[in-house]
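Numbers restart at 1 for each chain; the letters A, B, ... are given by sequence-line order, proteins then strands. What you see below is based on every heavy atom in this structure, not just the backbone, and it leaves out hydrogens, waters and symmetry mates.
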Amino acid sequence: MKAQQDQLVIYNTLKGEKEPFVPIVAGRVGMYVCGPTLYSEPHMGNMRTFINFDLIYRYLLHLGFSVKYVRNITDAGHITNSAGQEVDSIGAAAKAEQLQSLEIVYKYAVKFQELQRIYNLLPPSIEPTATQHIQEQIEIIEQIIANGYAYEVNGSVYFDTRRYMQDFNYGILSGRKVDELENETRTLNAQDEKRFFADFALWKKANPDDMQIWRSPWGNGNPGWHIECTAMSTKYLGKQFDIHGGGMDLKFPHHEDEIAQSCGSFGCNPARYWMHANMLNVNGQKMSKSFGNYFLPKQILDGSTGLFDKSYSANVVRFFMMQAHYRSNLDFTQDALNAAEKGLSKLTDAIATLERIQPAAQSSFDVNMLVQSFYKAMNDDFNAPILVANLFEATRLINLVNDGKEHISSPDLALLKEKMTVFAYDVLGLQKEAAGSESRLAPVMELVLDLRGQARTNKDWTTSDQIRDGLAKAGIVVKDGKDGTTWS
RNA sequence: GGUCUCAUGGCCGAGCGGUUAGGCACCGGUCUGCAAAACCGUCUACAGCAGUUCGAAUCUGCUUGAGACCUCCA
């Protein structure tokens with residue numbers, strides 16, 4: 001695995017190009033990913049980012065890295081945006097639902113946990129919450145003030161972007177130039193407390209109707225909306241760690257400001273590799289709450305999205321997502337989901353077929369090369385679509401072996417079996433379909449199919465077809481294969 | 001308006017200068033009492049116009065179209 005570790009290449013948003021992945025400490029990876037704000041149930045687009053970073057986490061683990069994966073939960077409303085508007089999303093949800101802020105957070109945290117289970121996400125090493133780290137946030141703000149990169153005005157603290165730009169590059173991640181930003185935003189902040197339009201809040205003085213308020217050296221208030229990630233990543237991963245991830249829409253200003261906060265307090269960029277997952281699209285447009293074109297992960301499961309005429313399992317949705325690269329847009333369409341559903345079953349069938357294959361003295365194809373292609377794909381910036389294509393190449397060969405047209409040796413068979421299983425289930429995070437889940441139905445079906453088998457032996461096609469049609473009406477499909485009859 | 005990204009066959013989606021991506025659909029075949037399923041095989045591309053190059057989907061320029069960010073956002 002060490003050799004494979006050395007081959008890993010990651011696209012670093014900070015550099016705008018792929019580069020070899022060299023962890024700060026050999027064999028260890030510290031990874032921080034921005035998690036959800038729990039003022040509502042995460043929608044499918046939110047889930048795509050978490051599924052993609054789950055894939056990355058899983059592959060790093062498979063390569064043998066010891067990974068500390070921190071993904072935060074935002075349970076404090078982000079009080080202001082840079083236009084100075086009040087946007088405490090959690091507080092707003094709390095008022096709308098007539099609950100306390102933490103009730104809202106807990107309510108949706110439970111749902112998020114459930115979704116992670118259903119979509120087969122590995123739990124992160126730590127899931128810290130913002131409200132449990134107010135003190136750490138305050139301490140970092142104090143440090144930034146002490147370093148001269150922030151100032152207090154009337155109970156609020158702002159990051160001093162102009163002062164910061166004298167020593168550091170603001171815009172290093174997003175490529176934004178402050179003077180380009182200015183023309184647009186200046187007017188919005190005319191009567192702001194800020195010294196400069198690009199300054200952002202680290203701490204915001206409390207409003208009378210705020211639902212959550214904390215004490216601070218500057219009076220009662222709320223933390224700004226970037227500081228929590230700086231506080232928590234620093235606490236659990238150190239001032240500098242390996243990978244910082246999140247959705248592409250967080251690149252600016254959230255991640256840019258995290259960098260500014262880290263540089264402003266500790267003098268260094270918090271992460272060496274910045275990774276950004278792309279958005280999920282519906283009809284070519286980003287799925288988003290504000291566009292109203294979003295739907296919930298469980299609506300796909302029960303078929304109530306209104307967009308598709310049937311439901312899909314979490315497994316199919318996950319496989320569908322694995323067929324696009326994490327840095328690409330992905331369009332959520334019914335045809336694409338249907339294709340994923342069929343493809344997935346073809347793939348899992350082939351893995352099951354491996355169990356029945358009889359080895360030959362020699363292999364008629366290069367199994368080792370095939371397995372290497374799995375690693376090659378994933379080592380190239382986690383290129384899951386290529387991996388999937390290679391798994392389908394293996395699928396084709398497995399079926400040919402099963403038909404006696406290709407051969408595989410015993411050691412090669414063992415290798416292929418292991419790697420197919422590992423890559424499909426451990427790395428891609430697909431789930432083995434629970435066979436025979438309807439335990440009470442199984443013996444009944446056995447009996448029914450047995451009777452139908454007898455009818456077929458007697459060439460009593462009327463009875464045989466009657467049974468088949470009757471079962472079809474009950475939603476059970478009978479398949480007459482070469483090796484007997486199966487149903488599903 | 002500013003910054004940036006992308007335009008691939010019926011659909012989804014890889015590709016980063018020379019090789020079949022892959023899946024689904026279609027079509028042909030194998031199997032089958034029939035059907036379905038399964039398996040095998042095959043076809044359809046690179047938005048447009050110029051340029052660089054022995055060679056371009058892949059590099060450059062322009063045109064057209066779409067999207068993201070600049071407000072909360074995964």
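B/C70 sits 24 Å from B/G13 when the P atoms are compared, rounded to a whole Å. Comparing the C1' positions of B/U8 and B/G2 gives an interatomic distance of 30 Å, to the nearest angstrom. Comparing the same atom, P, in B/C59 and in B/A36 gives a spacing of 46 Å after rounding to whole Å. Remark: the separation of the P atoms in B/A14 and B/C4 is 24 Å, to the nearest Å. For the C1' atoms, the distance linking B/U44 with B/C12 amounts to 16 Å, nearest Å. Between B/G18 and B/U32, the two C1' atoms lie 46 Å apart (nearest whole Å). For the P atom pair drawn from B/G51 and B/G9, the interatomic distance equals 25 Å after rounding to whole Å.
Between the side chain of A/Ser464 and the base of B/G33 there is at least one donor-acceptor pair of N/O atoms closer than 3.5 Å. Between the side chain of A/Arg468 and the base of B/A36 there is no donor-acceptor pair of N/O atoms closer than 3.5 Å. The base of B/G33 is not paired with the side chain of A/Asn458 by any donor and acceptor separated by under 3.5 Å. Judged by distance alone, with hydrogens and angles left aside, A/Lys405 brings no side-chain donor or acceptor close enough to the base of B/C40 to form a pair under 3.5 Å. Residue side chain A/Arg176 reaches the base of B/C69 through a donor-acceptor N/O pair under 3.5 Å, judged by distance alone. Side chain A/Asp480 to base B/C34: a donor-acceptor pair is found below 3.5 Å.
Residue contacts shown for A/Leu280 include a base, since a base heavy atom lies under 4.0 Å away. Using a 4.0 Å heavy-atom cutoff across all strands shown, A/Lys346 reaches sugar-phosphate atoms only and no base atom. Note on A/Met47: nothing from the nucleic acid sits closer than 4.0 angstrom, heavy atoms only. Within the nucleic acid shown, A/Leu347 has no heavy atom closer than 4.0 Å to any nucleic acid atom. Note on A/Ala324: only backbone sugar-phosphate atoms sit closer than 4.0 angstrom, heavy atoms only; bases stay farther off. Counting non-hydrogen atoms under 4.0 angstrom, A/Asn329 reaches the backbone sugars and phosphates but no base.
Regarding contacts with the backbone of B/G15, a side-chain N or O of A/Asn383 is found under 4.0 angstrom from either OP1 or OP2. The shortest distance between the side-chain N/O atoms of A/Ser174 and the OP1/OP2 oxygens of B/C69 is not below 4.0 Å.
In this structure, A/Ile386 atom CD1 and B/C16 atom P are separated by 8 Å, rounded to whole Å.
Pairing of B/U44, defined by two Watson-Crick or G-U wobble distances under 3.5 Å, is not identified with any nucleotide. In this structure, B/U30 forms a base pair with B/A38, meeting either the Watson-Crick or the G-U wobble geometry with both donor-acceptor distances under 3.5 Å. Using Watson-Crick or G-U wobble geometry with both donor-acceptor distances under 3.5 Å, B/U5 finds its partner in B/A66. Pairing partner, B/U60: B/A50, with both Watson-Crick or wobble hydrogen-bond distances short of 3.5 Å. Under the Watson-Crick and G-U wobble criteria, each requiring two contacts below 3.5 Å, nucleotide B/A21 is left unpaired.
In this structure, A/His254 and A/His226 have tilted ring planes: the angle between them lies in the 30° to 60° band.
Because its NZ or CZ atom is both nearer than 6.0 Å to the ring centre of A/Tyr11 and within 45° of the ring axis, A/Arg327 counts as a cation-pi partner of that residue.
B/G23 has no stacking from A/Phe392 on its base ring, since the centres under 5.5 angstrom apart and planes within 30 degrees of parallel are not both found.
Not one N or O on the side chain of A/Asp242 forms a donor-acceptor pair closer than 3.5 Å with the backbone of A/Met31.
Between A/Arg452 and A/Asp480 a salt bridge is recorded (basic side-chain N to carboxylate O distance below 4.0 Å).
Applying the ring-ring contact (aromatic ring centres under 6.0 Å, His included) test to A/Tyr59 and every residue at least two apart in sequence or in another chain returns nothing.
Aromatic ring centres of A/Phe112 and A/Phe50: separated by under 6.0 Å.
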